*Asks:* 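Sending over a structure as structure tokens; questions will come in a sec.
Treat the numbers as computed from the prediction; the structure is a model and nothing was measured.
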Amino acid sequence: MLLIGNGRVITRNSQQPYLENGCVLIKDNIIMDIGPTLAMKATYQDIDFMDVQGKVIMPGLINTHMHLYSTFARGMTLQTASPQNFLEILEGLWWKLDKMLTLEDVYYSALAILVDLIKSGTTTIFDHHASPGAVPESLFRLAEAAKLAGIRACLCYEVSDRDGVSVCNQGIEENRQFIKACQENDDSMVQGLFGLHASFTLSDDTLLKCANAVAGLETGFHVHAAEGLADAMHAEQTFGKRLIQRFADFAVLGPKTIAAHCVHVNKTDMDLLAKSQTNVVHNPESNMGNAVGCAPVLAMVQQGIRVGLGTDGYTTDMFESLKAANLIHKHQQANPSIGSREVSHMLFTANSQIATMTFRKKIGSLEAGALADLVVIDYDPPTPMTTDNIDSHILFGMSGRAVDSTMVNGQFLLKEGQLTELDEAKIKAKARELAAKMWKRI
């Protein structure tokens, strides 16, 4: 057992949200107890004690929409010199890059960015993968990387028609085999969802095949939904219906499904999302970077839709995504009084609920019985920190660069600034070597 204490403890548990000088007791991979440091040390004697010296102890961060394979795009020149819309970005960069990935590229691009995720305090990710030239075993290779790194991961392969029938069928089978393997192992570290790319790259026949393939697997889908305007328009022009309605017709929506983005949705779409209890994931920095618009997620929250927060591979720092989400909605609606409460709920409550449902264990809260995923933040508040102003301190005072220690499933992956499981220099060197070779192939 281990006591981690003498820190400002933010629990995200409404029954005991904050302890000015708190301590967490961990046994194996479970949180056993939380309380004031002096009382805990008196109760649990002769147990190893980690003194965080006033730093903040809080739950590990959860990223509910990530693209590990995007790592090798960093620094790569767009093949379309001056893309004018999102489709040109897809065609000029992402659809050229993903075709060139080998299984070795998949593995090392994942490991390289998992290092950064650990160092910025992320302990659970929901990844959405594509490698049309290396589909079979790709999710299993990602799982190997996640297990080596020690991060909790939910993985899927994005099925699409854009690379032909054979690759499409391989994607369906990869999802099916991986989900079955995860369920047979009943692993709280790795799980699977059934990945779909987006409506505009999926025919009715393919959606029907995916619906049939997922039958009996007791899982949900992970899909890009109405990210770009062209995606939403394509559904209406080609199929004569709204995109969200199309997904509803093929049983894609549901309480286990993640619909990423949902930028171009209206009130009718939101009604369907709410009625089906589909999870929406907001990715503010990616949406701004791709100039696709601002998702109406505040309206979704008001309508009772569970809205989580992700990065879409744009960053590894969930603190950064939190800050961007706060700002974009204030700016979009020209109202400085909105955004803060809602985006904190997305990151700390909705993401926790999505992860807890997916892994079937309590994740994202420091409380007895929850999985021992936590981070220690080197933050010394310049003003009093209280139960009422925790979110303000997080939003305006903390960042991924201030992460001192990261624990997942009771194991330190980063301790006092040092990685415990991974050789960062070796991984990054291999990643650079493979990325350079891949760029030449493109």
*Asks:* Could you tell me whether the side chains of N21 and N6 share a donor-acceptor contact shorter than 3.5 Å?
*Replies:*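 There is such a pair between these side chains.
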
*Asks:* Please evaluate residues H65 and H282 with respect to the criterion ring-ring contact (aromatic ring centres under 6.0 Å, His included), reporting the C-alpha separation (whole Å), side-chain torsions for both, the decisive distance (0.1 Å), and the verdict.
*Replies:* CA-CA 8 Å; H65 184 64; H282 185 32; over 10 Å; no

*Asks:* Mark yes or no for whether S276, through its side chain, and L273, through its backbone, hold a donor-acceptor pair below 3.5 Å.
*Replies:*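 Side chain of S276 to backbone of L273, a donor-acceptor pair under 3.5 Å: yes, one is there.
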
*Asks:* Under 3.5 Å, which donor-acceptor pairs do the side chains of residues 140-151 form with other protein atoms, sequence neighbours left out?
*Replies:*
unit_1	atom_1	unit_2	atom_2	d
R141	NH1	E144	OE1	2.7

*Asks:* Tell me the closest heavy-atom pair linking P132 and D163, and the distance in Å.
*Replies:*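 Closest heavy-atom pair between P132 and D163: CG-OD2, 3.3 Å.
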
*Asks:* How many angstroms lie between atom CZ of R12 and atom CZ of F348, to the nearest 0.5 angstrom?
*Replies:*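 Result: 5.0 Å between the selected atoms.
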
*Asks:* Which pair of non-hydrogen atoms, one from P59 and one from T11, has the smallest distance, and what is that distance?
*Replies:*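 Looking at all heavy atoms of both residues, the closest pair is CG-O, 3.6 Å.
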
*Asks:* Is any NZ, NE, NH1 or NH2 atom of the basic residue among D33 and K27 found under 4.0 Å from an Asp or Glu carboxylate oxygen of the other?
*Replies:*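 So D33 does not pair with K27 through a salt bridge.
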
*Asks:* For a salt bridge (Lys or Arg N to Asp or Glu O under 4.0 Å) check, start with the C-alpha distance between K119 and E424, then their side-chain angles and the critical distance, and finish with the verdict.
*Replies:* CA-CA 11 Å; K119 292 172 69 175; E424 181 177 7; 3.1 Å; yes

*Asks:* Compute whether any side-chain donor of one residue and acceptor of the other, for R306 and Q277, lie under 3.5 angstrom apart.
*Replies:*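 Distance-only check fails for R306 and Q277.
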
*Asks:* Considering only heavy atoms from C-beta outward, does the side chain of R176 approach that of K180 to under 4.5 Å?
*Replies:*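 Counting from C-beta outward, R176 and K180 do come under 4.5 Å.
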
*Asks:* Would you list the pairs meeting salt bridge (charged side-chain N to carboxylate O under 4.0 Å, His left out) in which at least one residue belongs to residues 311-329, sequence neighbours left out?
*Replies:*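 Listed by first then second residue: nothing to list.
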
*Asks:* Out of curiosity, R360 CZ to I363 CD1, how far, rounded to the nearest 0.5 Å?
*Replies:*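 Nearest 0.5 Å value for the CZ-CD1 distance: 10.5 Å.
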
*Asks:* Can you see which heavy atom on V265 is nearest to which on A226, and at what distance?
*Replies:*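 Scanning both residues, the minimum pair turns out to be CG1-CB, 4.2 Å.
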
*Asks:* Would you call I258 and V223 a side-chain contact if the rule is heavy atoms closer than 4.5 Å?
*Replies:*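 Answer no - side chains too far apart.
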
*Asks:* Are F200 and H197 close enough that some pair of their side-chain heavy atoms sits under 4.5 Å apart?
*Replies:*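 A side-chain contact exists here, since the closest heavy-atom pair is under 4.5 Å.
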
*Asks:* Please check if any side-chain donor atom of H264 sits under 3.5 Å from a side-chain acceptor atom of D231, or the reverse.
*Replies:*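 Side-chain D/A pair, H264 to D231: absent.
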
*Asks:* Examine distances only and state if a side-chain atom of R152 and a backbone atom of S188 form a donor-acceptor pair shorter than 3.5 Å.
*Replies:*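 Looks like yes, one N/O pair under 3.5 Å.
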
*Asks:* Please check if the side chain of S120 supplies one atom and the backbone of L117 the other of a donor-acceptor pair under 3.5 Å.
*Replies:*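 Such a contact is found between S120 side chain and L117 backbone.
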
*Asks:* Can you tell if the side chain of I394 reaches within under 4.5 Å of the side chain of I10, non-hydrogen atoms only?
*Replies:*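 Answer yes - side chains close enough.
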
*Asks:* Quick one: pull up CG in L93 and CG in L90 and give me the separation to the nearest 0.5 Å.
*Replies:*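 Going from the CG atom of L93 to the CG atom of L90 covers 8.5 Å.
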
*Asks:* Where the side chain of E174 meets the backbone of L139, is there a donor-acceptor pair that is under 3.5 Å apart?
*Replies:*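 Confirmed, E174 side chain pairs with L139 backbone.
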
*Asks:* Please say whether more than 12 non-hydrogen atoms of neighbouring residues, nucleotides or ligands are located less than 6.0 Å from NZ in K361.
*Replies:*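 No, the 6.0 Å shell around NZ holds no more than 12 heavy atoms from other groups.
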
*Asks:* I'd like to know if K256 and E218 make a salt bridge, using a cut-off of under 4.0 Å between side-chain N and carboxylate O.
*Replies:*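 No, no charged N to carboxylate O under 4.0 Å.
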
*Asks:* Any idea which heavy atoms bring A213 and F194 closest together, and the distance?
*Replies:*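 Reported closest heavy-atom pair: CB-CE1, 4.0 Å.
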
*Asks:* Regarding S340 and N326, is there a side-chain donor-to-acceptor distance under 3.5 Å anywhere?
*Replies:*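 Checked: S340/N326 side chains pair up, N/O donor to acceptor below 3.5 Å.
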
*Asks:* With no hydrogens and no angle check, do the side chains of D161 and T206 hold a donor and an acceptor under 3.5 Å apart?
*Replies:*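 The criterion, which ignores hydrogens and geometry beyond distance, is satisfied for T206 and D161.
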
*Asks:* If the threshold is 4.0 Å, N to carboxylate O, is there a salt bridge linking K428 and D116?
*Replies:*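 Yes.
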
*Asks:* For the backbone of T278 and the side chain of T257, can you confirm whether one donor and one acceptor N or O come within less than 3.5 Å of each other?
*Replies:*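 No; judged by distance alone, with no hydrogens or angles, the pair does not exist.
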
*Asks:* Say whether, by atom type as modelled, one donor and one acceptor occur between the side chain of Q191 and the main chain of M189 under 3.5 angstrom.
*Replies:*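 No, Q191 side chain to M189 backbone: no donor-acceptor pair under 3.5 Å.
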
*Asks:* Given 3.5 Å as the limit, does a donor-acceptor pair link the side chain of D51 with the main chain of Q53, or not?
*Replies:*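 The answer is yes, because a donor-acceptor pair under 3.5 Å joins these two groups.
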
*Asks:* Quick one, F178 and V190 - any side-chain contact, counting heavy atoms below 4.5 Å?
*Replies:*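 Side chain of F178 against side chain of V190, heavy atoms only: contact under 4.5 Å found.
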
*Asks:* Quick one: OG on S405 to CD1 on I377, what's the gap to the nearest 0.5 Å?
*Replies:*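 Between S405 OG and I377 CD1, I get 9.0 Å after rounding to 0.5 Å.
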
*Asks:* Charged N to carboxylate O under 4.0 angstrom, D380 versus K55?
*Replies:*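 Salt bridge: no.
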
*Asks:* Is there a donor-acceptor pair under 3.5 Å between the side chain of S109 and the backbone N or O of D105?
*Replies:*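 Checked: pair present.
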
*Asks:* Nearest 0.5 angstrom please: W94 CH2 to N290 CG, how far?
*Replies:*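 Here the interatomic distance stands at 8.5 Å.
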
*Asks:* Tell me which donor-acceptor pairs under 3.5 Å the side chains of residues 242-251 have, and how far apart each pair is, sequence neighbours excluded?
*Replies:*
unit_1	atom_1	unit_2	atom_2	d
R242	NE	D269	OD1	3.4
R242	NE	D269	OD2	3.2
R242	NH1	E236	OE2	3.0
R242	NH2	D269	OD2	2.5
Q245	NE2	D249	OD1	2.8
R246	NE	D204	OD1	3.2
R246	NH1	S199	O	3.0
R246	NH1	S199	OG	2.8
R246	NH1	L202	O	3.1
R246	NH2	L202	O	2.6
R246	NH2	D204	OD1	3.0
D249	OD2	K241	NZ	2.7

*Asks:* Between N63 and T122, does any side-chain donor sit less than 3.5 Å from a side-chain acceptor?
*Replies:*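 No.
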
*Asks:* Can you check whether T316's main-chain N or O pairs, donor with acceptor, with T311's side chain at less than 3.5 Å?
*Replies:*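 Not confirmed, T311 side chain does not pair with T316 backbone.
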
*Asks:* Supply the atom-to-atom distance T64 OG1 to M318 CE, rounded to the nearest 0.5 angstrom.
*Replies:*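 So the OG1 of T64 and the CE of M318 are separated by 6.0 Å.
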
*Asks:* I'd like to know if K267 and D271 make a salt bridge, using a cut-off of under 4.0 Å between side-chain N and carboxylate O.
*Replies:*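 Yes, K267 and D271 are salt-bridged.
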
*Asks:* Check whether any side-chain heavy atom of M346 sits under 4.5 Å from a side-chain heavy atom of N351, and report yes or no.
*Replies:*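 In short, these two side chains do not touch, never coming nearer than 4.5 Å.
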
*Asks:* Could you walk me through whether M50 and V24 pass the side chain to side chain contact (heavy atoms under 4.5 Å, CB included) check?
*Replies:* CA-CA 10 Å; M50 178 179 174; V24 181; over 6 Å; no

*Asks:* What do you reckon, is CE of M233 surrounded by more than 12 foreign heavy atoms closer than 6.0 Å?
*Replies:*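 Not buried by this count: 12 neighbours or fewer within 6.0 Å.
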
*Asks:* Could you check whether any side-chain heavy atom of Y69 comes within less than 4.5 Å of a side-chain heavy atom of S131, counting everything from C-beta outward?
*Replies:*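 Not touching, per the 4.5 Å side-chain cut-off.
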
*Asks:* Which heavy-atom pair separates G171 from V159 by the least distance, and what is that distance?
*Replies:*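 So the two residues come closest at C-CG2, 3.7 Å.
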
*Asks:* A quick test of your reading: do over 12 heavy atoms of other residues, nucleotides or ligands sit less than 6.0 Å from CG of L38?
*Replies:*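 Incorrect, the count does not exceed 12.
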
*Asks:* Could you check K362 against D373 for salt bridge (Lys or Arg N to Asp or Glu O under 4.0 Å), going step by step and ending with a plain yes or no?
*Replies:* CA-CA 10 Å; K362 183 63 180 178; D373 295 2; over 6 Å; no

*Asks:* State, to 0.1 Å, how close A110 and L68 come at their nearest heavy-atom pair, and which atoms those are.
*Replies:*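 So the two residues come closest at CB-CD1, 4.0 Å.
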
*Asks:* Counting the benzene-type ring for Trp, do F126 and H222 have ring centres under 6.0 Å apart?
*Replies:*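 They do not qualify: ring centres at least 6.0 Å apart.
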
*Asks:* Taking the side chain as everything from C-beta on, heavy atoms only, tell me whether C23 gets closer than 4.5 Å to I34.
*Replies:*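 No; the side chains remain at least 4.5 Å from each other.
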
*Asks:* Any side-chain to backbone donor/acceptor pair from H329 onto A324? Under 3.5 Å, distance only.
*Replies:*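 The answer is no, because no donor-acceptor pair under 3.5 Å joins these two groups.
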
*Asks:* Please find out if less than 6.0 Å separates the ring center of H67 from that of H224.
*Replies:*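 Between H67 and H224, the centre distance is under 6.0 Å.
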
*Asks:* Are R162 and D98 within salt-bridge range, i.e. N to O under 4.0 Å?
*Replies:*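 Between D98 and R162 there is a salt bridge, with a charged N closer than 4.0 Å to a carboxylate O.
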
*Asks:* Do E158 and S160 have side-chain N/O donor and acceptor atoms under 3.5 Å apart?
*Replies:*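 The criterion, which ignores hydrogens and geometry beyond distance, is not satisfied for S160 and E158.
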
